[in-house]
Asker: 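Below are the structure tokens for one structure; questions will follow.
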Amino acid sequence: MIAIPVEHCLLLSVMLFCLGLLGVLVRRNIIFVLMSMEIMLNAIGLAFVSGGARWGQADGQVMFLLVITLAAAEVAIGLALVLQLYQRYRTLDIETISKMKG
Amino acid sequence: MLEFLWLVPLLPLLGFLLLVLLPLTKRAAAIVGVGSVGAAALLTLLIVVELFGLSSDAQVFRQIYWTWMQAENFTAQFAFYLDPLAAVMMAIITGVGFLIHLYSVGYMDEDPGFARFFAYMNLFIAAMLVLVLGDNLVVLYLGWEGVGLCSYLLIGFWYDSHANGYAARKAFVVTRVGDALMALGMFLLFLHLDTLDIQQLMANANDQWQTGSSLPTIAAALLLGGALGKSAQIPLQTWLPDAMAGPTPISALIHAATMVTAGVYLIARTHELFLLAPDIMFLVALIGATTLFISGFTALVQTDIKRILAFSTISQLGYMFLALGVGAWSAAIFHLMTHAFFKALLFLAAGAVILCVHHEQDIFKMGGLRKRLPVSFWSFMIGGLALVAVPLTSGYYSKHEILFAAAGNENSGQLLWLLGVLGAVMTGLYTFRLIFTVFFGEENTRVHESTVGLVVKLPLVVLCLLSIVGGWFVLPLDHVFPASEEQAISGITSLVTDVAPFVGIFIAYLVFHQNKALADAVVAHTPGRLLQRFWFSGWGFDWLYQKILVNPFMLFVRINKNDIVDSFYRLAAWLMRLIHRLFGLTQTGRMQWYVGSIALGVVLIVGAGIFS
Amino acid sequence: MILAWLLLIPFIGGLVAWLADRKKLVDPALVTLATLLLDLLIVIGFYFTRDAPIEISGQQWMAVLELAWIPRFGIGFVLALDGLGLLMVLLTLFLGVVAVLSSWQEINHRKGFFYFNILWTMSGVIGVFTSLDLFLFFFFWEVMLIPMYFIIGVFGHENRIYAAIKFFIFTQASGLLMLLAIIALVYFHHQSSGVVTFNYFELLGAELSASVAYWLMLGFFIAFITKLPGVPLHTWLPDAHTQAPTAGSVILAGVLLKTGAYGLIRFAVPLFPEASAEFAPVAMSLGAVSIIYAAAMAFAQTDIKRLIAYTSVSHMGFVLLGVYAGNETAARGAVMTMLAHGMTSAALFAFAGAIGQRIHTRDMRQMGGFWRSAPRMGAIVLFFSVAALGMPGLANFVGEFLVLLGAFKANMLLTCIAAIGLILAPVYSLIVIQRIFHGKRLVEKPIPDVTTRETVMMLMMIVVTVGLGVFPQPVMELMASSLDLLPVVAFNDEAGMVSQ
Amino acid sequence: MSLELFLFYLASAVAVFATLRTITCLNAAHALLYLISSLLSIAVIFYLIGAPFAATLEVIVYAGAIMVLFVFVIMMLNMGKQTVEQERSWLNPVIWIGPGIICTVLLAELVTLLVQKERLLETVIVTPKEVGISLFGPYLLAVELASMLLLAGLVGAYHLGRPLTQKQPGSIK
């Protein structure tokens, strides 16, 4: 029994999430976008874990584990794509890759 | 011979089929074309002789071939009905038709469409015979439309010219207006009388309907519509002058002698129905009188020889309608017959003239042809005299019967008579204007005589003869029509009627022969010129129809060529495409734009969750 | 079993034609012609050797085939043939032969696929005319659609994709409405009787509330009137006809439009008699409007195939008028008009195609004076134009006359309006002759006259048209029993308006 | 205020600050370092709220493995001085406005949502054993799926990571 207010944890996670979102929206460098996405995933993980901790259940951490797996896979693919794109376009500007418009 | 009745229309029909299906030489085509009608004429003669040999009560012969259409209580047999009226019509059609066919062999000799011409002519004879022999209105309608079709085909015979095609279509469409009314009349009759067999229909009408009640009036009015169209009476007369675009024998056969009298025949055939509708009877008389009066004036100012005769035909048909309207049925049919003789004669003579002056039809470019073309001249003279009803010619007897009947009619008979007499004066005037201009005066055209051969002359001579003696025939129609009571005609009426044509001839002599400057002087003044132009245009009917019917239709058609209904669907498609484009704009291909949209969506949804 | 063969022969023939072309064995056109002639012979043979009629719920059927298909949902493979169906099948196969003959030289690429589509459309149409299970009916309704879509979209003229998609969207959207109506009908029938069935005979007696019946009737009506087509759902037709290859136009005009009319006669009216009676004045008005509006539109066209397409709309207006007039006279007239229109429009389209092949345009402003070099073609087109304008003695007249005669009994005013169509018919029919065959010659070299193949084809059609026009009675007796369900429609006798 | 609480707030402050720096930093390597410190402080928080297993994972997988990947990639891309200049030009202050508003509003909303609930104060320690039991008990399928995802990621990364050959389209010379 630890007296850390769960909603403070959640508050932190929400703040981190919004910061991550801000990063995704603002940055044009793909590396930074990917990092911001990591931040967001991490914030989600934090929310899961704190929820699980509040009710004393393992599910939160299981979910965190899955999130982390997802993040790992995403980063692996994402970075591979970054390399590939950089090889093709010699830039990391995300706006150069906007051919899929309607 | 009566049992061979079916063969009479069949012979020309077979002729038609042979001419259409086999590639015949010109000679063979002439033999088939003329021969089939000749055979039909011969057969008709035998049949008519046999029919009139029977006692007058038994002069009715019906032949049923097969059931044409049958549904519920409606039955239309394919059947022919021969009575003295049909027999007279049959004789006129095959007789005059044969003569005109014969004439055409000469007239159309150099035409490349020789076989086609005879095919159409034979089909016409067949259809016309079906029309007069039809036992019920549906078979009659078959012939009715058939002759309309042939009329169309023959007016547009020389298809190179668009004007001919237009005239042909105009003829078809204008008469079709009448036909549509007639069809509605048939539907109405069937709805209330449960049959379309003419005899049964008349009997039922007499049984079920009161004289003057609304139903027979409407039905008679609708049938009258059909008759007006076919017989070129006001207001559907405008097609006939244009129909002169066809070869001249056509004008003689179809647009003078036979088809245009179909309306007269229809009314005579259904006279019992018309007797139940006195209002319509009066309307018929009035239309006839007006038509004969108006077209008399129009004929006076025309310059085309065939158009003069065309308006004259309309005018004479007006006399027949006048006769029908006042109940002088026999007189109408009598005039129909004599008119067939002398108007066919006039047209054929005009054709001979036209042929000899290199297809020139303007009478003012002719002149003094009397000596060069004696046969044509005498034919024209005899036909003209019969037309203006000079005593001892056939036209005299028939027209006088009509005028006396009109004078004796209790229903404003004096007015009708007066119009008729004025028309007679006009007839004399325009006929002799034509004759004086074409055949007298100085020559101003080159004439080549050679083309008028025997086949052209023989029909002319026969028709001359008929135009003179035709009036002596006594049509045995007493049993077909109700007897009209003998009217007391005052001496003065009789005298005026007799004198009227001579007045016309005399004026014509003064104005168009003696003192030609007079006519020019009249036209030189503005009112005179305006009047002349008004009359020339046929009293503005064409102009009126053009303005109120044709132009709006054409306008609608031109505006709506791409189908206004489709624009609704096109609008829907356009809207879809617009939406597609608008939504497509959001598809920028920029990841951050998408993420931003998602974030905005989240903001909105969560916001909605909070504030709801 | 004969019915299954009727369906299967063109079905298999289509596959054979495709394979024959792939393997370059025989000309697929020959395969198609043989298939259709075989089918035609079978039908004729069946007609003469048929057994006593089978009676199902008071109606006479010449042949019935009933197999279970998806019993769980009450869907059966039910085929049946009566007089009306027989006439329609005969018309279909006859015009199929005409279509093949008329496109003999027109198609050069992917021939096998073309004839495959033709035969499958035929199969679908025959299915539509024989199936008496609503699910099966809908199935065939779609089967005939898609090959037609390919015929227009792949083998058509310059604007074919647009036309094909328009055709597809119209028929598909309206077909969807019909499907909804069918399912709803089955559902409501299930509600009242507890039986799930798509069977026509059982659904005939479905108890529906008046408003439900009205809506369901509308679903069927819209599907059929789109196909018919009636104003204002006709606009797909001019495009489809104009762009389709000759055979496509022939089949479309001659056969496919008849499925709409057939649907009205077989399904829309008998399934919902009261609702149809209530709706009849509207339907008849649409018919009358179609007649006049399309006639005026036809006159305005300069594209010959478009013109003929609009005349089709006008003629099918008579059918609509006749079906809803609610008496047997008009109904017989409607069926006669269907047959007659099948002949005349198919013949005119065949000629439009033939002329198009000769001078490579459909624009009538570039035609004129063809009579001089092609008098026989002119005569034949003249014949069919005249037939189309309703000349007595030819097939169209019988139909139109009976329709108007019957309709006059039901509604005088509308009949008077429809009679204006009689006046407009020569206006548009004769303009065809005038523009193409009369007048001055505009094309440099003379166009070749009809070939023997075309002459034979046209003589067949002329014989049928004249035969139907002069001796329509045997045909009318054949269809008589099929129309029994139509006159259920009862009218307030407006005729009493002018009674004495 | 207990020690734990103090540590919690301290770690939170570090996390927020580090994250903020991450998204604003111009140099990728510096940003990555900030990110790692943010992740580590979150690991501390995990430990504090009774999830030692998650804290361990956070350190090993996130701050360890994933970030190393980033480091390698940054090294491979050889982002030098000019990239910093580029970043500066890209990070125009104006472009912060729109996303900033959206994020602020979202934050406000989420905070409102959190505040609306009654206060939940306590947390319970969840041992790695419990996590393991539920991982290989009810969540077995999810574990399998995760393994498959990782495999797919592996294969995908291998495939995508191959250097560009001459034949491949889309290259800019």
Side-chain angles (χ1 to χ4, degrees), chain A residues 1-12 14-16 18-23 25-29 31-32 35-36 38-39 42 46 49-50 52-59 61-62 64-66 68-73 75-77 79-84 86-90 92, chain D residues 4-5 8 12 15-16 19-20 22-23 28 31 35 39 42 45-46 48-51 53-54 57 61-62 66 69 73-74 76-77 87 90 95-96 99-100 103 106-107 110-111 114 119-124 126 130-131 134-135 139 142 146 149-150 153 156-157 160-161 163-164 170-172:
Chain A
M1 213 55 97
I2 303 159
I4 292 175
V6 171
E7 60 272 24
H8 288 191
C9 292
L10 289 176
L11 210 60
L12 177 66
V14 163
M15 282 170 75
L16 289 179
C18 286
L19 282 172
L21 183 63
L22 191 63
L25 287 178
V26 169
R27 302 306 296 242
R28 279 171 73 179
N29 191 323
I31 296 286
F32 284 89
M35 282 194 237
S36 304
E38 291 304 316
I39 295 168
N42 199 42
L46 177 59
V49 170
S50 51
R54 165 65 183 81
W55 302 107
Q57 285 174 348
D59 304 39
Q61 292 187 46
V62 171
F64 173 72
L65 188 74
L66 295 181
I68 229 173
T69 322
L70 193 72
V75 152
I77 299 284
L79 287 174
L81 273 172
V82 166
L83 286 177
Q84 195 63 240
Y86 187 73
Q87 279 178 357
R88 284 181 195 221
Y89 298 101
R90 290 280 144 208
L92 290 172
Chain D
E4 284 139 343
L5 213 53
F8 171 76
S12 298
V16 171
T19 309
L20 205 60
T22 310
I23 62 169
L35 181 57
L39 295 176
I42 285 175
I45 291 170
F46 281 163
L48 288 175
I49 61 173
F53 180 62
L57 277 182
V61 179
Y62 248 131
I66 295 179
L69 265 181
V73 170
I74 288 167
M76 280 171 79
L77 295 177
E87 287 297 322
W90 283 348
I95 66 163
W96 287 89
C103 291
L106 184 62
L107 185 64
L110 293 174
V111 169
L114 284 175
R119 290 179 71 83
L120 312 164
L121 275 170
E122 291 129 33
T123 55
V124 177
V126 181
E130 288 173 65
V131 176
S134 61
L135 252 187
Y139 287 103
L149 181 70
L150 284 174
L160 287 170
L164 198 63
S171 59
I172 294 168

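Here is how names work: the chains are called A, B, and so on, in the same order as the sequence lines, proteins then strands, and each is numbered from 1.
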Asker: Can you tell me which portion of D:Glu87 sits under 4.5 Å from chain A's heavy atoms? Options are side chain, backbone, both or neither.
Answerer: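 Interface part for D:Glu87: side chain.
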Asker: With rounding to the nearest 0.5 Å, note down the distance linking OG in A:Ser50 to CD1 in D:Ile49.
Answerer: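 A:Ser50 atom OG to D:Ile49 atom CD1 measures 5.0 Å (nearest 0.5 Å).
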Asker: Mind checking the CG-CZ spacing from A:Leu92 to A:Arg27? Nearest 0.5 Å is all I need.
Answerer: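 Reported to 0.5 Å precision, the distance equals 11.5 Å.
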Asker: Going through the checks in order, is the side-chain contact (heavy atoms from CB on, under 4.5 Å) test met by A:Leu22 and D:Trp96?
Answerer: CA-CA 8 Å; A:Leu22 191 63; D:Trp96 287 89; 3.8 Å; yes
Asker: Among A:Ile77, A:Val82, A:Leu79, find the residue that satisfies the side-chain contact (heavy atoms from CB on, under 4.5 Å) test when tested with D:Leu160.
Answerer: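 For D:Leu160, the side-chain contact (heavy atoms from CB on, under 4.5 Å) check succeeds only for A:Ile77.
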Asker: So which part of D:Phe8 gets closer than 4.5 Å to some heavy atom of chain A, the side chain, the backbone, both or neither?
Answerer: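 Contact with chain A: side chain only.
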Asker: For each of A:Leu83, A:Val75, A:Asn42, tally heavy-atom pairs with chain D at distances under 4.5 Å, and name the one with the top tally.
Answerer: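 When all of A:Leu83, A:Val75, A:Asn42 are compared, A:Asn42 has the most.
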Asker: Among A:Leu70, A:Leu12, A:Val62, which residue forms the greatest number of heavy-atom pairs with chain D at distances under 4.5 Å?
Answerer: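 If we count pairs closer than 4.5 Å to chain D, A:Val62 comes out on top.
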Asker: Does any heavy atom of chain A fall under 4.5 Å from the side chain of D:Ile42, the backbone, both, or neither of them?
Answerer: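 Looking at D:Ile42, just its side chain touches chain A.
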Asker: Under 4.5 Å from any heavy atom of chain D, what part of A:Gln57 do you find: side chain, backbone, both or neither?
Answerer: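 The answer is the backbone of A:Gln57.
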Asker: At a 4.5 Å cut-off on heavy atoms, which part of A:Leu66 comes close to chain D: side chain, backbone, both, or neither?
Answerer: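 When you check distances to chain D, only side chain atoms of A:Leu66 fall under 4.5 Å.
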Asker: Nearest 0.5 Å please: distance from the CG atom of A:Leu11 over to the CG atom of A:Leu46.
Answerer: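 Here the rounded value is 10.5 Å.
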Asker: D:Leu149 versus chain A, heavy atoms under 4.5 Å apart: side chain, backbone, both or neither?
Answerer: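 Contact with chain A involves both backbone and side-chain atoms of D:Leu149.
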Asker: Just verifying a value: how many Å separate A:Ile4 CD1 and D:Leu48 CG, rounded to the nearest 0.5 Å?
Answerer: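 Here the interatomic distance stands at 4.5 Å.
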Asker: Measuring from D:Trp90:CH2 to A:Arg28:CZ, what's the distance to the nearest 0.5 Å?
Answerer: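 If I round to the nearest 0.5 Å, the distance is 6.0 Å.
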Asker: With a 4.5 angstrom heavy-atom cut-off, could you sort out which part of D:Leu57 is near chain A: side chain, backbone, both or neither?
Answerer: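 Looking at D:Leu57, backbone and side chain both touch chain A.
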Asker: Can you tell me how far CD1 of A:Ile39 sits from CG of A:Leu21, rounded to the nearest 0.5 angstrom?
Answerer: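 These two atoms lie 11.0 Å from each other.
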Asker: Which region of D:Val61, side chain (C-beta onward) or backbone (N, CA, C, O), has a non-hydrogen atom less than 4.5 Å from a non-hydrogen atom of chain A, or is it both or neither?
Answerer: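 Looking at D:Val61, just its side chain touches chain A.
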Asker: If you count heavy-atom pairs under 4.5 Å between each of A:Cys9, A:Ala73, A:Gly23, A:Cys18 and chain D, which one has the most?
Answerer: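 The candidate making the most pairs under 4.5 Å is A:Cys18.
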